[in-house]
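Remarks on the structure that follows.
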Amino acid sequence: MQSTLLKVKESRWTSRLLSPIILVLLILVFAIATGGRFSNPRNLKMILEQALVVGTVATGAVFIFATGNVNISMGATTALVTTIAAKAYMATESVPVMFLVALVAGVIIMGLTALLSTWLDVRVLYVTVVMMTLLSSIQMSILGSANIQLPYDMTSGMGDANVPLILFIVFFIIATVLFHFTALGRKLRYIGINDVCAELTGFKRSRYLLIAFLVAGVGVGFGALSTIVRNGTITTDTCSTLNMDCMLAIVLGGMSCFGGSRSNTYSAIVGAVMVTVLNNGLLMLGVSNTILQAVRGVVFIILVCASQTRPQGLPSRDG
Amino acid sequence: MPNKGEVVLEVKDMCKYFGVTVALDHVNFTLKSGEVRGLIGENGSGKSTVSSIAAGMQKASSGEMFYLGKPWAPSTALEAQKEGICMIVQEAGTIPSIPVADNIFLGHEDLFSFGPFVNHPKMVAAAQALLDELGIGIDASVVTGRLDLQQCKLIEIAKAMYWKPKILVVDETTTALSQTGRELLYKLMRRLADEGGSVMFISHDLDEMMTQCDAVTVLRDGHIIGSLNKDEFDGDVMKKMMVGREVKGDYYRSDMDPYGEEVVLKADCITTRRDLLCFDLELHKGEILGIGGLSECGMHTVGKALFGYEKILDGRVTVGPQHTVVKDVETAIKNGMAYTSKDRDHESVGLPGSIRDNIASTGYIKNLLVGPIISFKKEKAYVEKEITDLSLKCASQYHSVNTLSGGNKQKVVFGKWIGGDADILILDCPTRGIDIGVKASMYQLIYKMKKEGRSIVLISEELPELIGMSDRILIMKDGQVTHEAMRADHPTEHDLIEYMI
Amino acid sequence: MKKRMLTSAVAMLTAASMLAACGATGSESAAETESDTSSAATEEATGEEAAATGEFEPMTIAYATNATDEVFATMKDAFDNVIGPALNIEFTYSEPLSDTGALTTFIENSYAAGADAVITNLSSSIDQAAGVCEDLGLYFVGISSSDAVENADLPHYLSVAGASAEGYGESYASVIKDVIGDDGEEHGILILSGAAAYGATSFIEGTAGSLRALEEVYGLTYTEDIDTLATTATQIDAENDKGIKITIFPGMADLATNVSPLLQTGEYDVVVGTTNIYDSLGVAVNEVEEALDMDIKFITRATFNDAISAAFNGTDSQGSPVIDGMVCNGTYENVSAVIMLRNAFDGNVDNMRDSDGTCSRVPGMIPLAISSVEDYNTLSSADIPYSFVTTEDILSLCGADVTWQDIDEFGASLTTENIVAKFSA
Amino acid sequence: MKQQNKAVKLLKSVVATVALPLAVWAIMEVIAVVFTGSHVISSNLDVRNLIRSAGISAAIAFALSMNITSGRMDLSLGSQRVAATILGGVVAEALGLGGVWVLIFALVFGTVLGAVVGVLYVTLRIPPMVLGIGMACIYECFGFAATDGVGLRLVGTEGVDLLSNMNFTIVVVLIILVAMLILMTYTKFSYKFRAVRGSQQIARNSGINIFVNVALCYLVAGLVVSASGVLDAAFAGSMAASMGLTSNGSVMQNMFPMMIGCNFLSKYVNQSVGIVSAAVAVRIMTMGLNCFNMSEAMSNSINMFLFIAYLVWQSNAWKLDRMRADKKRIAEAKAFKAARAAA
C-alpha cells in the first residue's frame with residue numbers, strides 16, 4: 001500500500017497531472033453541487049472563453065517563467081499592445097493590420113524589456129517592476145482623453161467567429177511545439193533547473209532569455225487581440241488585473257514559479273480555467289462575489305504547498 | 001583550564017560515512033592540553049572530518065568522544081563553542097555587510113545589551129580591545145566587506161579566541177594568510193597552548209607543521225597512520241606516511257599506450273583575473289594530461305579557462321586543427337570540448353531536473369525527427385543508451401538527479417558529455433566523493449575514451465589517481481607549473497608531492 | 001514526511017480559519033441584509049402592498065458597478081430593503097469592475113447563476129455588455145450620461161438611463177452662478193476635471209458646463225475650444241479675453257498632494273470638482289485656508305451623507321460654509337433601470353424600447369444643483385425615500401400600459417423645487 | 001584626537017545625508033526657475049507638506065526594506081496597508097472611539113496581518129512572492145468585506161479631525177522614523193536582522209533563530225505600512241478598498257527611494273537615515289516635476305526612467321572597478337611575458 005503510494009508520489013505524472021486532475025475534480029464537484037447547471041455545455045464554453053486572454057498571455061509567460069525568472073509586467077505590456085493595436089485599427093480599419101501591429105508591438109516591447117535585463121544586467125524582477133508602471137504610464141499617454149471604442153460589428157463578428165479561441169489554440173500549438181518538441185523549450189527549462197550548469201552546457205542565458213521574452217511577446221500580441229475582441233472598448237483600466245492573474249494562473253496550473261523541469265505550456269490555461277471555474281462555480285452556489293477572491297487565494301496557497309517539498313532553509317531566490 | 005598534559009579530548013573508534021564513501025574508519029585519537037597538534041594527510045584523508053565532528057559541525061556515523069572526561073556529542077557548532085571547542089574553517093565565516101565588531105560578537109549581542117538595545121560603542125570597544133590584545137591591527141568599527149580575505153580570517157580567529165577556547169581547531173586557514181598573518185596565528189596558537197588550551201592544526205605546509213606543532217598525527221584514507229613527536233619530525237618520513245594510499249585491486253590503467261603528436265588544445269600564455277599568469281599548456285590527441293596540486297594552486301581555474309568559462313585577459317586558448325580561439329563556452333562546445341566541474345552539484349548537473357533532462361541536454365541536434373522537431377523516441381533511446389553504457393543505477397530516466405548518489409550523479413554528467421560526442425574532456429575532480437566501485441568504472445571509462453582517440457585533461461587532488469591514469473602529469477603551485485612528469489618515467493607520489501608543497 | 005504532513009496541516013488550518021473569518025464577515029452582512037429583507041418583506045406583506053407584491057414573478061437582476069462607493073452602498077441598501085421586496089426582485093452585485101473583460105465575465109457568471117436581467121454603470125462598456133446580454137437572453141439597461149452609440153437590433157437591450165451629459169453641465173453652471181455669480185468680484189477659479197482626460201463623459205460635461213457658466217457670468221470668451229480645455233491631460237490655464245484666472249487640473253490620483261501646492265499660491269479662491277473632491281481635498285483646502293487666511297469656495301460633486309451634511313452645515317476657519325455648493329448625482333437612473341427591467345420581464349418589452357426598434361434613452365432626472373443649506377437639509381432629511389421616489393410611485397410605474405416615456409417624464413419632474421415642495425409638505 | 005575624529009565623522013554623515021536631497025533640490029530649482037519661473041519650494045506649507053509626504057513615503061520604504069533587501073519580495077504589503085487601515089477605522093468606529101484610536105487599531109491590525117504572513121512564510125516556506133500573491137488575495141477581501149467595498153472615509157467623520165491635523169501627522173511621522181531608526185540600528189533585533197541578511201547559514205551557525213527573525217521582519221513591515229496607510233488616508237480623506245490584486249501599486253512606487261536608500265546611501269550613512277534622505281530627495285524631484293505642468297502619466301514615466309537608469313548604474317558600476325583591475329592584470333601579464341622573453 002505504502003509502496004504504491006510512494007510510487008504514485010514519485011511518478012513523473014503525479015506532479016505533472018496534479019493541477020489538471022484537481023481542475024477536473026472541481027468541475028465534477030460543481031456539476032454535482034449545482035445539479036448539472038454548471039456542466040451544461042454553454043456554461044463550460046463560457047468559462048473557457050473567460051479564461052482565454054489570461055490563458056494566452058500566460059502561455060507566453062511560461063517561456064519566461066521556465067527559466068526561473070518572474071515577469072510581473074505581463075498585464076501592463078498587454079494593455080499597451082492592446083492600445084497600440086486598437087489605434088492601428090482605428091487608423092486603417094483593417095483587421096490584418098491590427099493583427100500585424102499587435103504581434104510586432106508585443107514582440108518589440110517584450111524584446112526591449114528583455115534587453116534591459118540581458119544587456120544591462122538588471123535583474124528581471126526589478127526590470128519588470130519598473131516596466132509595470134512605465135508601460136501603463138505610456139499607455140495612458142497614448143490613450144489620451146478618449147477611450148477607444150472599436151466598432152461593435154468588428155468585435156462581435158470576430159467574437160462570434162471564435163477568434164479568441166482560435167488565436168489561443170494557434171498560439172498554444174505553436175508554444176507547445178516550441179516548448180515540448182524542439183530544443184528551445186528544453187534549453188529554457190534547463191536554464192531554470194540550473195543556470196550555471198546550462199551556461200556550461202553552452203546555453204547562453206542572455207540569448208535564451210531574450211528568445212523567451214520574444215515568444216512571450218507573440219503571446220502578448222495574441223492576448224491583446226483577444227482582449228480587443230472581448231472588450232471592444234480600450235480604457236486605461238484594460239488588463240489592469242492581468243499582471244497578477246498571469247502569475248496566479250501559471251502557479252495554479254502546476255508550474256513552479258522558479259521554472260525548471262516542472263514547466264509545461266498547459267499550466268497556463270489549466271490555471272486560468274481553474275480561476276474561472278472557481279469564480280463561476282462558487283457564484284452559482286451563491287457565494288458572494290466578495291469572498292471569491294479570498295477563496296482563490298486560499299486554494300492557491302494550499303496548491304503551492306501541496307506541490308512542493310518543504311525546504312530546510314528559507315526560500316528567497318529572486319524575491 | 002585543565003592541567004597541562006591532561007587528556008582533554010578522546011576520540012574512540014569513530015567512523016564516518018558519506019553515503020558509501022568511508023571518510024573515517026575506526027579512528028582513535030587523543031588530544032592533550034597544552035599541545036599544538038598537527039594533523040596532516042592528503043586531500044580527503046579525513047583530517048578535517050574528524051576535527052569538524054569534534055567541533056559539532058557534523059555528526060559521526062559511529063564511535064564516541066570524551067571531552068574533559070565526559071561523553072561528548074555536540075549537536076551544533078554553537079554548543080561546542082559554548083563548551084570551549086572552536087573551529088576556524090577554510091570557507092568564509094564572516095558576514096561582509098556588517099562591521100567587524102558585529103561579526104566578532106555575532107549571536108552574542110546579549111553581552112552588550114540593556115533591554116532590547118545594544119550598546120554598540122561598548123561592543124566596538126570590547127572588539128577593539130580584543131583585537132588589540134591579540135595584536136591584530138584592524139579597526140573594529142569598519143564594515144567587514146572592506147577588508148581582504150586575510151583580515152577576515154583574522155577576525156574569525158579573534159572571534160574564536162574571545163571565548164578562551166579549550167580546544168581551537170585551525171583548518172587550513174594559513175593558506176589565506178600572508179607571512180605576517182601566519183606569524184600572528186602561530187603566536188596565538190602558542191599562547192593558547194601555554195595557557196593550558198590545545199590546538200588542532202591542519203595544514204598542507206610541512207615546514208609550518210614542523211616548526212609550529214608539538215606533535216603531528218598523520219591520516220590517510222580515514223585511518224590514523226601514526227603520530228610523531230617534535231623530536232621525531234622529519235619531512236621525508238612525514239611525506240612517506242602521507243602517501244602510499246592503499247590501492248584496493250588494480251583499478252587504474254596498467255598499459256603504456258602512447259598518444260598522438262597532434263596538439264588538439266593549446267593554452268598560449270593565458271592570464272586570468274586570479275591564479276593564472278602566463279600559463280601554457282598543450283594537450284595532444286589521445287592524451288590523458290593530469291594536472292595536480294593543492295586545491296588553491298590554480299588548477300581548477302585552468303579547467304575553467306580552457307573551457308572559456310573564465311575570462312582570459314591576455315593570451316589565448318586555441319582548439320582543433322584550425323586553431324579556433326576559444327572565446328566562450330559555446331565555441332568550446334562547438335569544437336567538441338566538454339567540462340565537468342569540481343563543484344558538480346552547482347555547475348555540472350541540474351539537480352532538480354530529471355536524468356533525461358540532463359543527459360539529453362547535449363544531444364538535441366542528434367535526436368531530431370524532422371526539421372527542428374525532436375523525436376521523443378530517439379531521445380529516449382539516446383538517454384537509455386548512456387544509462388546502460390554507464391550502468392547508471394536509477395529507477396527510470398525520468399527520475400530527478402537529486403535522488404541519486406554522488407557516483408551516479410557523476411555518471412549522469414559523463415553521460416551528458418559522452419553522448420554529446422565530446423572529443424576533448426576537461427575533467428575536474430571527476431571522482432570526488434565517489435565510492436571505490438564507481439571510481440573503478442570511471443577509470444575504465446576514461447581509459448576507454450582515450451582509446452577512442454579522445455583527449456582528456458584530468459585535474460585531480462588525488463595523486464595516485466593522476467599517476468595511475470595520466471600519460472603526462474603537470475604539478476602546479478601558485479598558478480605556475482612546477483614540474484612535469486611523463487608516464488614512462490613512472491613517477492611516485494613521493495616525487496610529485498615535493499613540487500606541490 | 002511527518003514534517004511535511006504537519007506543514008500541510010498547518011497550511012490547511014490557517015487557510016480554513018482565514019476563509020472562515022472572511023466568510024464570517026461576508027455572510028454576517030449577508031445575514032443582516034437577509035433579516036432586514038425578510039422583516040421588510042413581512043411589513044410589506046402585511047401592509048397595503050401585499051396584493052402588489054403577489055403580482056410579481058420573482059426575478060433576479062445583476063448589477064455590475066464600476067465602484068463600490070457610498071453612492072453605491074446607499075443604492076444597494078434601497079434596492080435590497082425597499083425596492084427589491086416591493087417588486088419581488090433579488091439583486092446580485094459585482095465587485096468594482098474597471099475593465100470590459102471583467103464586466104463580460106460578471107455578466108456571464110450571473111447568467112450562469114440564474115440572473116434574468118443586467119444593469120451596469122460602466123459607461124465605457126455599455127454596448128459590449130448589451131451584446132453579451134443579447135447573446136445570453138438577458139434584459140439589459142445601461143447607465144450612462146452619454147447616448148448609446150449603436151443600439152439597433154438588440155431586442156433585449158431596453159434602454160440607456162442616466163442624466164444626460166448636458167444635465168451635468170447645466171447643474172454645474174447653476175451652482176457656479178449661485179456661488180460666485182452674484183458678487184461681481186473677480187475670482188481665481190480652479191476646476192478639477194477628474195477623469196475627463198481619460199474620456200469620462202460626465203466629467204467632460206461637468207468641466208465644460210462649468211466653463212460655459214463662467215463664460216456667462218463674466219461675459220468672457222476663451223481663446224481655446226471648451227472641449228479641448230475640458231479634456232486636457234495636463235494642468236492648463238483657460239486663457240480668456242477678460243483675464244480671469246481659470247485653471248483646469250486633471251487627474252484622480254493623489255489629488256491632495258498634487259493640488260495642495262497650487263492652492264498655496266493663493267491665486268485660487270474657488271475650487272470646482274467634477275468628482276467628489278470633498279473626500280480627497282477637504283483636508284488640504286482647510287489647511288491652505290488656515291495657512292493663507294483666505295476663504296476658498298468649495299463646489300463638489302457629492303451625494304447625501306453625514307460627512308457632507310456636517311460640511312454643509314459647519315463653517316470653516318474663515319466663517320463660511322465648508323462646502324458652498326454641490327452637484328448631486330442623479331440616482332433616479334438606477335430606479336428607472338429597475339422599473340424598466342421589471343416591466344420588460346413582465347412582458348412589456350416593447351413599451352420599454354423606442355418605437356423605431358432601438359433602445360430607449362431615459363435621461364430621467366437632472367442632477368440636483370444645491371447651493372443653500374436649507375435646500376440641502378430638506379433634500380437629505382432622513383424620511384425621504386431613495387431617489388425621492390416612494391414605493392407607490394414605483395408601483396404606479398409598473399404595469400402593462402406604462403411606457404418608457406412615462407418613466408422618463410416622472411424623472412424629469414424630480415427637480416429640486418418639486419422635491420422640496422413634495423417632501424416639505 | 002579621537003574626539004575630533006568623531007566630530008569629523010558626524011559631520012561627514014550629516015553631509016552625506018543632506019547631499020542628495022540638496023542636490024536634487026538645487027537641480028530642480030534651477031530647471032524650474034529657468035523654464036517656468038516658479039520655485040520648487042515656495043512656502044512654509046510646502047515644507048510641511050514635503051515632510052509629511054516624504055515621511056509617509058519613507059515609512060512605506062522602510063516596510064519594503066524589511067524584506068526586499070533580504071531577497072524576499074512581499075507582494076501582500078499593499079493589501080496589508082489597505083486592510084489594516086480599513087479594519088482599524090471600522091473597529092475604532094464600532095467602539096465609538098475616534099482620532100488617535102483609528103491609528104492605534106490600524107497599527108494593531110497591521111502587526112497581526114504582517115505577523116500572519118511572516119509565520120506562514122517560515123512554516124510553509126513557499127517562495128515569498130507566491131505567498132505574497134495568495135495573501136494579497138485574502139487580505140484585499142478583508143478590507144473590502146469590512147466596509148462592503150465602500151472603503152474608509154476619514155474626512156468629515158466625527159472625532160477624527162486630529163488625524164488629519166498636519167502637526168499631528170508630522171509628529172507621528174517623526175515618531176515612526178525615529179522608532180525605525182532606533183529599531184533598525186540599536187536593537188538586538190537589528191543585529192540579527194543584518195546577520196540573517198548577510199548570510200542565512202552563518203547566522204544560523206552563530207545561534208540566531210532565523211525563522212523568528214524573519215517572521216519579525218514581516219511583523220514590523222506590517223506595522224509600519226499600516227501607519228503609513230492611516231496617515232495617507234487622513235490626508236487624502238479616505239482609503240479605498242481595492243480588489244483584484246491592485247492594492248500593491250502605491251507600495252511599489254516607493255521601491256525607488258528604498259533602493260537608493262538601501263543600496264546607495266547606506267554606503268555612506270546609516271541605512272535608516274539613507275531611506276529617509278532618499279525619500280525626501282525623490283519627493284522633491286516629484287515636486288519639481290509638478291512645476292512643469294506635465295500629466296500624471298508623463299511624470300510617472302520620467303520617474304520610472306530615472307529608476308531604470310539608477311538600476312542600470314547600480315548593477316554596472318562595479319564593472320568599472322573590474323575593468324581597472326583587468327587592465328592592471330594585463331599589464332602585469334605583459335611585463336611577465338617580457339621578462340620571460342628576456343630571460
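Quick note on labels: first sequence line is chain A, next is B, and so on, each numbered from 1. Source: prediction; values computed, not measured.
- Atom CD of residue B:E347 and atom OG1 of residue A:T201 lie 11.0 Å apart, to the nearest 0.5 angstrom.
- In this structure, chain A has a heavy atom under 4.5 Å from the side chain of B:I333, while its backbone stays farther away.
- Using a 4.5 Å cut-off between heavy atoms, B:L351 touches chain A through its backbone atoms (N, CA, C, O) alone.
- Here B:S354 contributes atom OG and A:R189 contributes atom CZ; the two are 8.0 Å apart, rounded to the nearest 0.5 Å.
- Aromatic ring orientation, B:Y364 versus A:F203: parallel (interplanar angle below 30°, classes split at 30° and 60°).
- In terms of modelled atom types and a separation under 3.5 Å, the side chain of B:D357 and the main chain of A:R186 share no donor-acceptor contact.
- Within the model, atoms NE2 of A:H180 and CD1 of B:I374 stand 12.0 Å from one another, a figure rounded to the nearest 0.5 Å.
- Interface residue B:S348: only backbone heavy atoms are found under 4.5 Å from chain A.
- Sparse packing is recorded around CD1 of B:I365, with 12 or fewer heavy atoms of other residues, nucleotides or ligands lying under 6.0 Å away.
- Only one option out of A:K204, A:R207, A:R205 pairs with B:D328 in a salt bridge (Lys or Arg N to Asp or Glu O under 4.0 Å); it is A:K204.
- Here the shortest heavy-atom pairing between A:V196 and B:Y309 reads CG1-OH, 3.5 Å.
- Taken to the nearest 0.5 Å, the CZ atom of A:F181 stands 10.5 Å off from the CG atom of B:L369.
- Side-chain contact between B:I373 and A:V177 is present, with at least one heavy-atom pair separated by less than 4.5 Å.
- No other option in B:S361, B:P352, B:G350 has as many heavy-atom pairs under 4.5 Å with chain A as B:S361.
- Annotation for B:K366: atom NZ counts as buried by contact number, over 12 foreign heavy atoms lying within 6.0 Å.
- Within the 4.5 angstrom heavy-atom criterion, only backbone atoms of B:D345 (N, CA, C, O) approach chain A.
- Interatomic distance, B:Y339 OH to A:L200 CG, rounded to the nearest 0.5 Å: 6.5 Å.
- With a 4.5 Å cut-off on non-hydrogen atoms, B:N367 does not touch chain A at all.
- The structure places CG of B:N358 at 6.5 Å from CD1 of A:I193, a figure rounded to the nearest 0.5 Å.
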Determine, step by step, whether A:C197 and B:K416 satisfy the side-chain contact (heavy atoms from CB on, under 4.5 Å) criterion, reporting the C-alpha distance in whole Å, the side-chain angles of both residues, the deciding distance to 0.1 Å, and the verdict. CA-CA 12 Å; A:C197 175; B:K416 170 173 144 183; 3.4 Å; yes
